[in-house]
> 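I'd like to ask you about the structure that follows.
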Amino acid sequence: MAMMISTAAMMREFGVRLAGALRPGDLVILTGSLGAGKTTLVQGIAEGLGVRGPITSPTFVISRVHPSLCGGPPLVHVDAYRLGGLLEVDELDLDASLAESVTVVEWGEGLVEGLTEDRLEVEIIRDETGEERSLALTGVGPRWAVIPVELGVGAE
Ligand SMILES: Nc1ncnc2c1ncn2[C@@H]1O[C@H](COP(=O)(O)OP(=O)(O)O)[C@@H](O)[C@H]1O
Ligand SMILES: [Mg+2]
């Protein structure tokens with residue numbers, strides 16, 4: 001399933017829509033090259049969830065908890081770019097917060113899959129010629145056996 005995202009604003013809009021389908025316990029793994037738009041997508045997810053910002057690309061902080069401003073689940077935003085490996089992932093204690101949070105991990109491929117049997121993988125593919133990006137969604141596990149139609153993936 002793939003969809004085109006032409007601007008950063010569209011990427012944030014998709015994040016808002018995705019947030020509407022997310023609930024506590026969910027794990028979302030974002031992949032895509034540097035500058036692809038992973039953090040931009042997380043900004044939309046944060047807006048949709050109604051959590052306290054700002055969502056930034058952390059320089060030193062690898063994992064940040066954004067509490068809800070509306071009684072919903074907190075957003076745990078992880079940028080695993082600088083993580084050395086599985087041992088360091090373990091030190092983040094993501095498993096302790098997973099059940100009650102929405103956990104979104106940039107550069108998490110190959111590192112955080114062991115946290116839970118279910119995950120939504122969002123791959124951002126960058127078009128070298130312009131601002132155009134395309135998204136490919138892959139659901140793993142029973143939770144994501146069906147990708148919600150509200151996400152509009154494939155409809156555009
Ligand atoms: N279609 C698009 N989708 C997402 N970001 C875009 C798009 N077009 C341009 N941009 C810009 O590209 C940059 C993406 O940066 P960022 O979200 O930090 O990427 P990453 O976290 O993947 O390294 C932002 O400056 C954003 O405004
Ligand atoms: Mg980023």
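Start at 1 and go down the list; that is how both ligands and their atoms are numbered. Every heavy atom of this structure was used, including side-chain atoms; hydrogens, water molecules and symmetry mates were not.
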> Output yes if Ser57 passes the N/O/S-under-2.8 Å test against the Mg ion (ligand 2); output no otherwise.
no
> For the atom pair CG (Leu18) and CG (Asp26), what is the distance rounded to the nearest 0.5 Å?
9.0 Å
> My understanding is that only one of Leu49, Val65, Thr103 makes a side chain to side chain contact (heavy atoms under 4.5 Å, CB included) with Leu75; could you say which?
Leu49
> Counting heavy atoms only, which part of Met11 comes closer than 4.0 Å to ligand 1: side chain, backbone, both or neither?
side chain
> Check Leu30 against ligand 1 and report side chain, backbone, both or neither, counting heavy atoms closer than 4.0 Å.
neither
> Ion pair present between Glu128 and Arg126, side-chain N to carboxylate O less than 4.0 angstrom?
no
> When you measure from the heavy atoms of Gly32 to every atom of ligand 1, does any distance fall below 4.0 Å?
no
> Please state which part of Glu106 comes within less than 4.0 Å of ligand 1, counting heavy atoms only: side chain, backbone, both or neither.
side chain
> Would you compute the distance between atom CG of Asp79 and atom OG1 of Thr39 and round it to the nearest 0.5 angstrom?
6.0 Å
> So does Glu109 have more than 12 non-hydrogen atoms from other groups sitting under 6.0 Å from CD?
no
> Nearest to atom 10 (N) of ligand 1 by heavy atom, Glu131, Met4, Arg133: which?
Arg133
> Which residue and non-hydrogen atom of the protein lie closest to atom 19 (O) of ligand 1, and at what distance in Å?
Gly37 N, 3.1 Å
> Backbone N or O of Arg119 within a donor-acceptor pair of the Glu121 side chain at under 3.5 Å?
no
> Students should be able to answer this: which protein heavy-atom is nearest to atom 13 (C) of ligand 1, and at what distance?
Gly35 O, 3.9 Å
> Would you check the N or O atoms of Ala36, main chain and side chain alike, for any that come under 3.5 Å of an N or O of ligand 1?
yes
> Just jot down the ligand 1 atoms closer than 4.0 angstrom to any heavy atom of Ser6, in number order.
1 (N)
> How many angstroms lie between atom CZ of Arg143 and atom CG of Leu22, to the nearest 0.5 angstrom?
7.0 Å
> Does Glu106 bring an N, O or S atom to within less than 2.8 Å of the Mg ion (ligand 2)?
yes
> Could you grab the distance from atom CD of Glu113 to atom CG of Leu86, nearest 0.5 Å is fine?
9.0 Å
> In the protein, what heavy atom is nearest to atom 27 (O) of ligand 1, and what distance, to one decimal place, separates them?
Ala8 CB, 3.4 Å
> Scan side-chain atoms only and decide if Ser6 and Glu132 contain a donor-acceptor pair under the 3.5 Å cut-off.
yes
> Any N or O on Glu132 sitting closer than 3.5 Å to an N or O of ligand 1?
no
> Evaluate the side-chain proximity of Val28 to Val105: yes if any heavy-atom separation is below 4.5 Å, no if none is.
no
> Looking only at protein heavy atoms, identify the closest one to atom 24 (C) of ligand 1 and say how far it is in Å.
Thr40 OG1, 4.0 Å
> Give the residue, atom name and distance (to 0.1 Å) of the protein heavy atom nearest atom 18 (O) of ligand 1.
Thr39 CB, 3.6 Å
